[in-house]
Every structure is written in C-alpha cells, then in structure tokens.
Amino acid sequence: MENSTPWLLKIFFSLTIILDSSSSSSSWLHPLASISMAEHRNYTAISDFRVLNRRKLLKCDDPNSHLKISVDPNSSLSNEEYLTVTVSGVLLPSSSDWVAMISPSSSNVADCPLSEAYYAQTGDLSDLPLLCQYPVKAQYVKNDPDYLNCTKRECQESVLGKCVVATCSGSLTFHVINIRTNIEFVFFAGGFDTPCILTRTNPLDFTNPNMPLYGHLSSIDSTGKSMRLTWVSGDEKPQQVQYGDGMSQNSVVTTFTQDDMCSSSTLPSPAKDFGWHDPGFIHTAVMTGLQPSSNFSYKYGSDSVGWSNQIQFKTPPDAGSYKLYFIAYGDMGKAPLDSSVEHYIQPGSVSVIKAVTDEVNSVNVDSIFHIGDISYATGFLVEWDFFLELINPVASQVAYMTAIGNHERDYVDSGSVYVTPDSGGECGVVYETYFPMPTSAKDKPWYSIEQASVHFTIISTEHDWSVNSEQYLWMEEDMGSVNRSKTPWLIFMGHRPMYTSSNADTSVDPRFVNAVEPLLLQYKVDLVLFGHVHNYERTCAVYKGECKAMPEKDANGVDTYNNSNYSAPVQAVIGMAGFSLDKFTTDSNSWSLSRISEFGYVRGNATKDELYFEFVNANTRNVEVQKWQSSENGGEVVVVGSVVIGVGVRVGAEEVELEVGRGDGIGKEVVAVSSQGGEHRIHVATRDVVDWFRAAGE
C-alpha cells in the first residue's frame, strides 16, 4: 500500500498562514490541535508539563540570599534510588513552585535554538524553549503538605532576640534510575506556564554509568533451546552472558544516534532534537545449548564494568509439546514510582506489571506477549530506560515477545501506513534495537513462533498489509504452512483492531479488515488478539461483522467454543495494560460478548485439546497454590477457567492441600493444572478474573 501524502505537515503549514496572529504566543497550541484533539493527544498529548520546553524562560526577580536546594543522599548515585530533594530558605511559598529533574541531551541547558517553528511538534509555539533537554520529571513542592503551611519554619535573621526574617522549606521524593548521564534538580517559580529558575543543584553522577542493566529475554525460534538476552550499558566493548553450567556467550553491541531518527528539516521531531537522550549501548547475546521447558540461571556484564545479579529464567516449551501457559497485553507504557508528572504517563502500567510479576513468580508462565505501544516514549528517549526498568522483573525471567504499534513506528515520510507523528520520530528504530524479534530483516517486524500446541503469527499493522504486499504474502505463506497436528491452535496478533465498541470510526481501518480478515477465516485462525483501544472486549466467532457461531455455557458458566466444527475466529481487544482506559461508545454490536474497561491482562493455557483464555483484573494480585485430585485418581475433572466447587482445605506447613468434597475453596478460579510426582496440582487465583472462555479442539 502506498503511503498517502504527508497531510499533517501540509495542514500545519497552510494553517499557520490563516490563524489569528494576535493569539498569545505563550498559550496557543500547534494548529493541528484545533482540528483534532484526539489526534493531537496521540501526537504528544496536551498538558502543561508536556509543552514545558516551549515555554519562555523568564527571569526570576528574587534577590533571596537564603534560598537553597539540596539532595539527600548527596553522593554518587546507585542504579536505583529514592532521593529526597529539599528546597529551603523560601520567603513566600507558592502553589506554583516546582522542582524538575533534568538530564543532558545534545545541548547545554543555556544554549538553545531560538526558532519557534523548530519546536512545533511539542504542540506549543511560544517564543523560546525552556531547556534544551526535556525535563525527565517534575513535582510541585506543594506535594509536601508542610510547604504552603510553612510548618518547617526557620529563622534566618533576628533583631534583639526577635525573628524578623523567617523562611519555609519543603521536601520531595524522586525515584531515580541509572540513565548513565548525570542529573540535576532545578527549583522553579511560576508553574509550568510562566517558569523561571530560582536555583539548582550541582550535577549528580551515577556511580557506574557503564553498569549492565535492564536485561530482557526473547525467543529466537520454536525449539526452546536458545534464548536471546538484550541489555543496556554505557560501555561499547562486548560483554558476556554467563549461564547454565559454565556456558557463556559474547554480546553483539549496537546503538542508534540522532541521525537515525526520523524528522524534517523544517519541523524537527522530538527524537531528533529536544527529546533526545543518549541510549548508551545495547548488547545482545544468544544463549544456546538449553533445553525447552527448563529452568536455568544467568548473569551478564564483564569484570571491567560489573555484573548483574544471578537471575533464574525459564525456557518456553518447544513446538509440538503438550502444554503452554502465556500472558498477553497491549498498550502498557509506564508511570512514575513517585509523585512526579512525566512526559507521558500510563496510569495502569504499575498495577498491571505488579500483578504479572506476582503471576510469573507464582505459576509456571512460559512467555509474555506485548502487542504494540510498548513504552510510549514517543521521541523522549530517556523514558525507554524507565520502561525497561519497570518490566525487568518479568522480562528477565521469561521470553518477552513484542509486536510493533503506532507509537513505535508511525511518522511522516518514514514508510509507515499511517501518516501520523505518533512515534515522535523514533520510526521503529528504537523499538527494534531494544526488542530484537525473530524477524527476517530490519523494518520488517512480522514473525511467527511456535510454543507447545500454539502457532503464533505476529504482524505489523503499521507496515503495508495490502493484498499482495510483502507482508500479506508472508501471512499467507506462514499461516498456510502450519502443521495443525503438531500445533493445532493458531493465534494471530497485531496492534490495531478489526472490531471494537469504542470509537470504531477512528480505531478501525476498514481497508485493513477487508484485506486481512479473509486470511483469518481461510486459514482457520482460532483466536485474534489486538491492542490500540484501551479496554478489553471479546467477540463471538465473527466474520465480516456477523456472528458465525456463539459459545455455549458449561456447567460452571464458562463460555465454550467448539472448534471441532470451525466457523470463524474469536477476536479480542487487550489494550488495557496501562494507558488511560477507553469507554465503550456503543453496546449495540451483536458480535460483542464481553466488554470490560479495567486495567489488566489476559492469560492463555493451551493443550492440544483445549485452549483457555482469561481476562484478569490487575487490582488484586494474591495467588494461592493448592493441590487437587484429578479424574485419573477417581476425583473430579477440573478445567482451567472453571470455578472450584465442593472442595475442602487443610493448611499444611507451606501450602494448602485440597480434598474433594469439603471445605471453603469454593468460588476460586482455576489458573492452571499440572502434574508432579504423581500428584495433580491446581493453581487457584484469588485475583478477580472477570472474563474467561475455553475452546475445545477436535
């Protein structure tokens, strides 16, 4: 599909001619915002903080000699710290006083370009930028309740024993991670709209800016015998991953520069300019000689720059084996672990990753699939570090597989299907560097992988999918070659959905549906997972907007699809992992069976005979491990996704044991069933599982 003319830029340049030039330059926004608030939200979002670096930096008329800003601890920084930043000596505390954490980008703070148009992509055309680098995060000092009340009063000057000059102070906590470059804290007056600098700290350095950090795993094939590890370091020399019983592999080192970012000579992107932050060096190494469905340990780094902790990880099952347990979600992003505001905040991300971490630590999760809109850095590159740090507890233990979304790829004149600036100029380069998937080539981010009884086909909705395009032909070949006796379940994943009850006019591209949906039916895809829309929605077995089959309720109220008589795919939107939730704008779609606007994730459990799929609300994260007797030993048959009935509980030393027929395990939802040492174990969640279904194969 040929890309359309870059209409966004054309609209911008034509509208700048006809807009009222008398508008205040410090408040009016990019003309695109007046056309489409929704589009502009995806562009950079409209908030006072997000257009901060386009505010005119005023001169603070404050001769206060008592004013100070300090940091505790005031020493070299470790890889993760919570710092206390205190402003003191303040004569008149104001609700508009604030503190920013900044870090160098490509320029000195005091040396910024003067061109208004140069910063148009922030959405604000004021006279001068505030800082050359975008502030990483900021907090109003009023977050300390003692500040405005001047509870911490200090006398600065006395006359005849009477205090004549008293000042106030306030303290803030900032969560800081190792981003390799030094950081400073700057105290401002005037709020985000009319900021002026009052004082600032000296630069703080990290103890080891070269430290290897944020290691995350991915599968490279369907054997389960090799795993790729990717990590970040400030050092460009090759490092090692040491794993298993004395095995090791050297890293391949890469990075990207400002010249790799997409931009325009007349309208530079955030990634190209003020959002740039040095990414350091990205290391990758492939651990070979592993065994599928097995546990190993590893560490990465070198003697010269240091080593990570020893980490336990699990390999996924190989293609054709019996059982798979996976987690999937889209649109996660990140949120601050303090009270700061940041460039782009996805409020549900922290609760979801905590719930997923709990599950990975409690149950034998094999893989995680994150299907687009990964970090939402959108050209403000330091936020990739914060995202990698957020997912590290799970991505370091199991394969973290990804698909590309609009906020990783789309940009004008970059070859993306959709001519929007949603990536902020990253245009897929940053994503593919941090998350190398088993693709055929750069900027062809589609691939397939098989784990146990499931064949996963992962596509890019941001690249050409039109009939007879390269990706389309690959989809035909990939799905047409699936051996359904080896991997009977076919799951199709991408970012932009085909069906949604939330603003479908802007969320669904009918061209994409018309081109690709027939392939799903032709190759008998069982389950289709998309993101982009920020909620959870599940369909009937649907094709061309019509239900071809409806599920039946089993004895426990579980929706059951009988795929021994295949009719059409079941589709689900799973973009509820972090971004602010979308409401459902219609309830009249007959194909929509379950609609939930809550933060969470989905989990799948597949054998060769059955596939179970559940939405999990992330608000409650407790998981209990219990024992159950299966039908093989004369007990009750238990299926994942059902509700425990008629069981009894006696508490042992470390776990709960269940006996058929008595007790209070009733109503708890079954997560997984496994066998060990002749005993049949059932994993039961107290987490709020709101929606689940199962599909039975032949």
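The first residue of the sequence shown is numbered 1, and numbering continues consecutively from there. Only heavy atoms go into these numbers, but all of them, side chains included; no hydrogens, no water, no symmetry mates.
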- Task: List the steps, then state whether side-chain contact (heavy atoms from CB on, under 4.5 Å) holds for L77 with N178.
- Result: CA-CA 8 Å; L77 303 173; N178 189 343; over 6 Å; no
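- Although no hydrogens or angles enter the test, the distance criterion places no donor-acceptor pair under 3.5 Å between the side chain of E462 and the main chain of G405.
- L172 approaches F174 most closely through the heavy-atom pair CB-CE1, 3.9 Å.
- Side-chain atoms of S340 never come within 3.5 Å of backbone atoms of E342 as a donor-acceptor pair (strictly under, hydrogens ignored).
- By the 6.0 Å contact criterion, NZ on K152 is enclosed, its count of non-hydrogen atoms from other residues, nucleotides or ligands being greater than 12.
- Residues L148 and S95 have side chains in contact (heavy-atom distance under 4.5 Å, counting atoms from C-beta outward).
- Side-chain atoms of S423 never come within 3.5 Å of backbone atoms of Y411 as a donor-acceptor pair (strictly under, hydrogens ignored).
- With respect to the salt-bridge test (charged N to carboxylate O, under 4.0 angstrom), the residues K442 and E432 do not qualify.
- Smallest separation of non-hydrogen atoms from G578 and F599: O-CE2, 3.5 Å.
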- Query: What do the steps show when you test H175 against D338 for side chain to side chain donor-acceptor pair (under 3.5 Å), and what is the final call?
  - Reply: CA-CA 6 Å; H175 174 240; D338 52 32; 5.4 Å; no
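- Closest non-hydrogen pair, T84 versus S171, comes out as CG2-CB, 4.0 Å.
- Between F256 and W276, the ring planes lie perpendicular to each other; the angle is over 60°, past the 30° to 60° tilted range.
- A donor-acceptor contact closer than 3.5 angstrom links the side chains of S502 and N535.
- The shortest side-chain heavy-atom distance between E598 and N619 falls under the 4.5 Å cut-off.
- Interatomic distance, T86 OG1 to D144 CG, rounded to the nearest 0.5 Å: 8.5 Å.
- For F530 and H495, the ring centers are positioned 6.0 Å apart or more.
- The main-chain N or O of D278 is found under 3.5 Å from a side-chain atom of R180 such that the two form a donor-acceptor pair.
- For the side-chain hydrogen bond (donor to acceptor under 3.5 Å, both in side chains) with N406, the lone residue among T461, D422, T420 that qualifies is D422.
- Annotation: the span from T255 atom OG1 to I282 atom CD1 amounts to 4.5 Å, rounded to 0.5 Å.
- In this structure, L91 places its CG atom where more than 12 heavy-atom neighbours from other residues, nucleotides or ligands lie under 6.0 Å away.
- Taking the side chain as every heavy atom from C-beta outward, M261 and V429 approach each other to under 4.5 Å.
- What you find for F206 and P209 is that their closest heavy atoms are O-CD, 3.4 Å.
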- Task: Any chance you could lay out the ring-ring contact (aromatic ring centres under 6.0 Å, His included) test for Y140 and F192, step after step, and finish with the verdict?
- Result: CA-CA 10 Å; Y140 280 102; F192 296 155; 4.9 Å; yes
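- By the 4.5 Å heavy-atom criterion applied to side chains, P336 and I345 are counted as neighbours.
- Of all heavy-atom pairs between N210 and S233, the closest is O-OG, 2.5 Å.
- A distance of 13.0 Å separates OH in Y214 from OG in S308, rounded to the nearest 0.5 Å.
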- Pair K272-D259, side-chain contact (heavy atoms from CB on, under 4.5 Å): steps then yes or no: CA-CA 7 Å; K272 184 77 169 182; D259 290 338; 3.6 Å; yes
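- The shortest distance between side-chain heavy atoms of Y329 and H370 falls below 4.5 Å.
- Scanning for side chain to side chain contact (heavy atoms under 4.5 Å, CB included) contacts around P436 gives R228, T230, T284, with sequence neighbours left out.
- For the 3.5 Å distance criterion, the side chains of D443 and H463 qualify, holding a donor opposite an acceptor.
- Ring geometry, F435 versus Y400: the interplanar angle falls from 30° to 60°, so the pair is classed tilted.
- What you find for S414 and C427 is that their closest heavy atoms are CB-CB, 4.1 Å.
- Between P212 and H283 there is no side-chain heavy-atom pair separated by less than 4.5 Å.
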- Message: The test is side-chain contact (heavy atoms from CB on, under 4.5 Å); show your working for F188 and V99 and say whether it passes.
- Response: CA-CA 6 Å; F188 292 91; V99 173; over 6 Å; no
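- A donor-acceptor contact shorter than 3.5 Å links the side chain of N208 to the backbone of M211.
- Taking 4.5 Å as the limit, some side-chain heavy atom of I368 sits within range of a side-chain heavy atom of V394.
- Without hydrogens or angle criteria, D97 side chain to K142 main chain gives no donor-acceptor distance under 3.5 Å.
- The backbone N or O of I177 lies less than 3.5 Å from no partner atom in the side chain of E80, so there is not a single donor-acceptor pair.
- H343 is listed as a side-chain neighbour of T378, based on a closest heavy-atom distance under 4.5 Å.
- Under 3.5 Å, the side chains of T167 and Q156 contain a donor-acceptor pair of N or O atoms.
- Side-chain N or O atoms of D331 include none that pairs as donor or acceptor with a backbone N or O of D373 at under 3.5 Å.
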- Task: Go through the steps to decide whether T181 and S103 satisfy the test side chain to side chain donor-acceptor pair (under 3.5 Å), and finish with yes or no.
- Result: CA-CA 7 Å; T181 54; S103 185; 2.6 Å; yes
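- Of the listed residues (Y344, Y434, Y376), just one forms a ring-ring contact (aromatic ring centres under 6.0 Å, His included) with W384, and that residue is Y434.
- Checked by atom type and distance alone, the side chain of T199 never pairs as donor or acceptor with a backbone atom of F187 at under 3.5 Å.
- Not a single donor-acceptor pair under 3.5 Å links the side chain of S597 to the backbone N or O of K583.
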- Message: side-chain contact (heavy atoms from CB on, under 4.5 Å), that's the test. Do T402 and I374 meet it? Break it down for me.
- Response: CA-CA 8 Å; T402 58; I374 307 297; 4.2 Å; yes
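- One distance of note links CE of M576 with OH of Y601; it measures 10.0 Å at 0.5 Å rounding.
- For the atom pair H277 NE2 and D385 CG, the distance stands at 7.0 Å (nearest 0.5 Å).
- Atom OG1 of T500 is separated from atom NE2 of H532 by 9.5 Å, given to the nearest 0.5 angstrom.
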